[in-house]
Amino acid sequence: MSATPTPAKNGGSGSIQKERSMVLQKDMIAGHYDALEQAKESGRKVVYTFVPGNLTELLRSFDLLPNLPEINALQSGMRKLSGDFIQEAEKLGHSEDVCTYVKCDIGMLKKGNLGPTGKKLPPPDLLLLSYTGCFTFMKWFELLRHEYDCPVAMLHVPYQSDGQIHPHHRDYIVEQLRSEVIPKLEQVSGRGYDEERLQQSLALSAQAEDDLVWVLESAKNVPSPIDAYFGGVYYIGPLFSAFRGTPEGVEYYRTLRGEIEERVREKRGPITPDGPMAEERYRLVVEGPPNWTSFREFWKMFYDEAAVVVASSYTKVGGLYDRGFRHDPARPLESLADYCLGCYTNLGLPSRVGLLESYIREYRADGFLINSVKSCNSFSVGQLLILRQLEERTKVPGCFIESDLVDPRYFSSANIKNRIESYLQMLEQKRGVRVGT
Ligand code: SF4
C-alpha cells in the first residue's frame with residue numbers, strides 16, 4: 001500500500017499549468033524506471049521491496065536500486081492497465097478477494113513484466129521483505145519467490161499493539177538489520193556496510209521530511225493551499241519510495257515548499273487537474289487509500305463541490321513525520337527501526353482513531369470520509385468502528401464509501417458521486433458552511 005502517482009496534466013479547461021515540482025517529480029519517476037530498465041547493462045543490482053517500512057537509505061548506501069511493486073501496481077492503475085493484469089492473475093487461480101495490488105503485480109509479471117511506463121522491469125537480485133503491518137506483504141513475496149531464483153531477506157517488524165514503540169521492539173529490529181539484512185545486502189552488492197554513507201543519506205532524508213511536514217501542515221490555513229489527499233499522494237511520492245535520502249528528493253521538497261509558500265501568501269487554494277480551486281466550502285479529513293483507476297474522476301467529485309481534503313491517513317502510510325519522527329544520522333539503524341515501527345499500517349485501531357480525531361480538530365474539518373477499499377484488509381478492517389468512534393468523539397458526521405485500489409470493476413462512479421453529494425448537502429444543512437473564505 002502506498003503512493004507515488006505521476007503528476008497529472010492540469011488543463012481540463014484549456015491551459016496546461018504545471019508547477020516546477022510536478023515536472024521534477026515526473027522526470028524523477030521516469031528516470032528511475034529508465035535506471036531499472038538499464039540495470040543489467042549498467043551493472044546495478046536491483047532489490048524488490050515494499051513501501052511501508054522501506055529501507056531506501058540503507059539500499060542506496062550499497063548502491064542498490066529499489067523496485068517497489070505497490071508503486072508499479074498503482075501506476076498501472078492510473079494508466080488503466082491494471083484491469084487486464086488482475087484478470088490474468090485471476091485466470092491463474094488467484095481469488096477475487098486477494099489484494100488487487102498483488103494480482104496486478106502478478107498479472108504484469110506474467111504478461112512480460114513491462115512496468116507502467118512501458119519499460120521492462122529487471123528481475124530482482126534480492127527480495128527484501130520489510131514486513132510492516134500487513135500480512136499480505138509476506139504472502140506476496142512468497143509468490144514472487146517461486147518466480148525468481150534470488151536470495152530473500154526478511155525484516156520482521158512487530159505490530160504496535162499498545163500504540164507505543166518499546167525499546168525491545170527497536171532492539172529486535174536493529175538486531176535483524178545487523179544479522180540478517182545487512183549481510184544479505186553485502187552479499188548481493190559485493191560492498192561492505194558503510195555507516196558514514198548511510199548517515200549522509202539519512203541527513204538528506206531528514207531535510208526532505210521537514211519540508212514535507214511543512215507542506216502537509218500548510219492545510220491548516222483557510223483556505224488550504226493544498227489538497228492533502230488527492231494532491232497529497234503526489235507530495236508523498238518521492239519520500240515514500242525510491243528518493244528518500246537523495247539530493248533529488250531534497251530538491252523536490254524544497255521546490256514544492258516554495259510553491260506552496262507562495263500559495264499561502266496569496267491565499268490561493270489547491271491546484272486541481274482542472275486548474276486552481278477558486279473556493280473552499282468544505283474541509284474534510286479522509287481515511288483509507290484512494291481509488292487509482294478513476295483517480296481524476298474521483299477527485300473531481302470533491303473539487304466540483306468546493307470540498308478540499310485537509311488531512312488524510314493515507315499520506316502517513318510511509319511514515320508519521322507530522323508527529324515528529326525524523327530519520328536521524330546520529331542513530332542510523334535505530335532510526336530505521338523507529339521508522340518501520342511507526343508507519344500508519346503498523347498502528348492499532350485506537351492509535352488510528354486518535355490520529356484521525358486529532359486531524360479533525362487541528363485542521364478544523366467540517367466532516368470526514370472513509371474510503372473503504374475492498375481488497376485491503378490492512379486498511380479496511382475496523383473502519384466501521386473508526387466511523388462510529390470518530391462521530392461519537394468529535395460530533396462531526398462521517399461519510400462511508402466503498403471502492404477499490406486498482407480493480408476498475410469496483411469503482412461505481414454514480415453511487416460514489418451520489419453518496420458524496422448527499423453527504424455534503426447534509427453537512428451544509430446540519431452544520432453550516434463557511435462560504436467564500
Ligand atoms: S492488503 Fe493493503 S496494505 Fe496489504 S499489500 Fe495489499 S494494499 Fe498493501
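First listed ligand is number 1; within each ligand, the first listed atom is number 1.
- Close contacts of ligand 1 with Tyr101, meaning ligand atoms under 4.0 Å from a residue heavy atom, involve 7 (S).
- Cation-pi geometry between Arg244 and Tyr339 is met: the NZ or CZ atom falls under 6.0 Å from the ring centre, inside 45° of the normal.
- Short contacts between ligand 1 and Cys99, defined as distances under 4.0 Å to a heavy atom of the residue, involve ligand atoms 1 (S), 6 (Fe), 7 (S).
- Relative to the ring axis of Tyr344, Arg352 places its NZ or CZ within 45° and under 6.0 Å from the centre.
- Residue Phe137 has at least one heavy-atom neighbour below 4.0 Å for each of these atoms of ligand 1: 5 (S), 8 (Fe).
- Atoms of ligand 1 lying under 4.0 Å from at least one heavy atom of Leu405, given by number and element, are 7 (S).
- Side-chain contact check for Ser375 and Asp407: no donor-acceptor pair (N or O, by modelled atom type) lies under 3.5 Å.
- Using a 3.5 Å distance cut-off with no hydrogens or angles, the side chains of Glu96 and Tyr410 do pair a donor with an acceptor.
- Other residues, nucleotides and ligands contribute over 12 non-hydrogen atoms within 6.0 Å of the NZ atom of Lys184.
- Because the distance cut-off is set at 2.8 Å, Cys134 fails to qualify as a neighbour of atom 6 (Fe) of ligand 1, as none of its N, O or S atoms comes that close.
- At least one N, O or S atom of Cys376 sits under 2.8 Å from atom 2 (Fe) of ligand 1.
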